[in-house]
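The first residue of the sequence shown is numbered 1, and numbering continues consecutively from there.
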Amino acid sequence: MKRINLVWCLLLTIVVGLSSCMKDDNKDEEKIAENETQIQAFIQSDSQGGTAARDSSGLYYIIRKSNPQGVYAKAGQAATVKLNGYLLDGTKVLSIEKDSSLSFPVLGYSTGFPGLERAIFLMKTGEKATFLLPFYLAFGNIDRTNVPAYSVIRLEVEFIKTRTEKEQIDDYLKAKGFPKYERTSDDLVIIRTNTVTGDTLGVGKSVSVKYVGKFLNDKKFGEGTFNHTTGTSGTIAGFDKAIRKMRKTEKAIVVFPSALGYKDLGSSDGVIPRYSPLQFEIEILP
């Protein structure tokens, strides 16, 4: 009898779980329809609402300032934008300061705000636009600070420019003002920070390496010490290629594009987005 009761309890748990999922799915469907009604009401009240277009993702947009000479962003580029985000009642919930901007890798953005990256592909550089994002392209179906669950978000976006990864690395080098550096044809950059003589490591050497990994904006994503055999697949290509060009006890800052890093996939733990050029402070330990 106890075994039968246990089976019934398990079945009941499954049924209740499925019922809960179905309720959540039904609520999401209801809110999608509700968001659509809210967006349509906003468009009808807007003086330029007649020019609104709908993207296949479900967002709507109005180009406020066009720029026929502008260019569209391409996958892998960094898009620099200025933006403000609002609820439909006008409450500001997202803001980039007036004299600053947000730059992110196109198709590599990782803030859980998919509508923003989709929006950037619908604009040209130099344009301004209003985007109306249903909840599933914005903050989602849970309550957040100042943003109720299932909220439509209005984004006011100015698309300033795009930059290739090479341009991002060039900007980094210019900003840092390094007096001397080495650069390979595949854009691996090595800035040696101490002087060590002798042969470089080359292939097939076992070494202990201390590192600090950062994005080009100097935000740190990792650090540590590990053992590596040069010329093997134990680490990303840019890291290994840099080590092979270094000497025992040498220190360097190395920079390389995503083609030598995590490419268009990003790191498996999600810390490093797709199309991210990276910098590492490296020391080859004795």
Side-chain angles (χ1 to χ4, degrees), residues 73-80 102-110 161-196 199-285:
K74 297 179 181 178
Q77 293 181 333
T80 300
L102 170 70
S103 182
F104 60 93
V106 174
L107 286 182
Y109 204 49
S110 59
K161 63 181 179 180
T162 61
R163 293 179 299 156
T164 64
E165 288 190 44
K166 182 179 185 303
E167 289 171 331
Q168 294 172 61
I169 292 173
D170 289 343
D171 288 347
Y172 167 85
L173 295 172
K174 183 178 179 181
K176 293 294 184 181
F178 297 117
K180 184 179 179 181
Y181 57 84
E182 303 161 34
R183 191 170 194 162
T184 65
S185 59
D186 52 2
D187 281 324
L188 167 65
V189 177
I190 301 177
I191 304 103
R192 302 181 193 274
T193 56
N194 67 342
T195 301
V196 179
D199 294 335
T200 56
L201 290 169
V203 176
K205 299 293 178 62
S206 295
V207 292
S208 183
V209 182
K210 183 179 180 180
Y211 74 94
V212 177
K214 301 178 182 179
F215 299 108
L216 296 193
N217 62 3
D218 288 329
K219 180 181 179 181
K220 184 170 69 174
F221 59 78
E223 62 182 319
T225 302
F226 73 103
N227 296 322
H228 175 64
T229 300
T230 58
T232 66
S233 59
T235 186
I236 52 178
F239 200 98
D240 177 67
K241 290 186 70 171
I243 292 173
R244 282 188 265 157
K245 294 178 178 293
M246 295 177 66
R247 302 168 178 85
K248 279 286 186 77
T249 72
E250 192 167 29
K251 300 177 182 180
I253 299 170
V254 302
V255 186
F256 48 84
S258 65
L260 296 177
Y262 293 93
K263 301 182 172 59
D264 59 349
L265 299 175
S267 60
S268 58
D269 58 7
V271 172
I272 301 173
R274 297 176 287 173
Y275 301 112
S276 293
L278 303 173
Q279 61 166 313
F280 287 90
E281 297 170 8
I282 295 176
E283 179 182 358
I284 310 298
L285 299 176

A quick test of your reading: do over 12 heavy atoms of other residues, nucleotides or ligands sit less than 6.0 Å from NZ of Lys263? yes
Please determine whether the number of non-hydrogen atoms from other residues, nucleotides or ligands lying under 6.0 Å from atom CG of Asp269 exceeds 12. yes
Checking the side chain of [X] only, and the main-chain atoms of [Y] only, is there a donor and an acceptor separated by less than 3.5 Å?
| X | Y | answer |
| --- | --- | --- |
| Thr235 | Phe239 | no |
| Ser258 | Tyr262 | no |
| Thr229 | Thr232 | no |
| Asp240 | Gly231 | yes |
| Arg274 | Leu107 | yes |
| Asn194 | Thr249 | yes |
| Thr230 | Gly202 | yes |

Could you check if a side-chain atom of [X] sits within less than 4.5 angstrom of a side-chain atom of [Y], using non-hydrogen atoms only?
| X | Y | value |
| --- | --- | --- |
| Val203 | Arg244 | yes |
| Val209 | Ile243 | yes |
| Thr80 | Thr162 | no |
| Ile169 | Pro257 | yes |
| Asp186 | Lys241 | yes |
| Phe178 | Ile253 | yes |
| Lys248 | Val196 | no |
| Arg183 | Leu173 | yes |

Look up atom CD in Glu165 and atom CG in Leu216, then write down how far apart they are to the nearest 0.5 Å.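 It comes to 9.0 Å.
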Quick one: OG1 on Thr184 to CD1 on Ile190, what's the gap to the nearest 0.5 Å? 7.5 Å
Charged N-O contact under 4.0 Å between [X] and [Y]:
| X | Y | value |
| --- | --- | --- |
| Lys205 | Asp199 | no |
| Glu182 | Arg192 | yes |
| Arg163 | Asp170 | no |

For Ser233, give me all partners under side-chain contact (heavy atoms from CB on, under 4.5 Å), at least two apart in sequence or on another chain. none
Distance-only check: which donor-acceptor pairs under 3.5 Å involve side-chain atoms of residues 275-284, not counting sequence neighbours?
| unit_1 | atom_1 | unit_2 | atom_2 | d |
| --- | --- | --- | --- | --- |
| Ser276 | OG | Pro273 | O | 2.8 |
| Gln279 | OE1 | Tyr172 | OH | 2.8 |
| Gln279 | NE2 | Phe215 | O | 2.9 |
| Gln279 | NE2 | Asp218 | OD1 | 2.7 |
| Glu281 | OE2 | Lys214 | NZ | 3.0 |

Please report the closest heavy-atom contact between [X] and [Y], naming both atoms and the distance.
| X | Y | answer |
| --- | --- | --- |
| Leu201 | Arg247 | CG-CA, 4.4 Å |
| Thr193 | Ala252 | OG1-N, 3.7 Å |
| Val254 | Ala242 | CG1-CB, 3.6 Å |

Which is it for Ser208 and Thr225 under the side-chain contact (heavy atoms from CB on, under 4.5 Å) test, yes or no, and what are the steps along the way? CA-CA 7 Å; Ser208 183; Thr225 302; 3.6 Å; yes
Verdict with supporting geometry, Leu285 and Val207, side-chain contact (heavy atoms from CB on, under 4.5 Å): CA-CA 7 Å; Leu285 299 176; Val207 292; over 6 Å; no
Ile236 vs Phe256, test: side-chain contact (heavy atoms from CB on, under 4.5 Å). Steps then yes/no. CA-CA 11 Å; Ile236 52 178; Phe256 48 84; 3.7 Å; yes
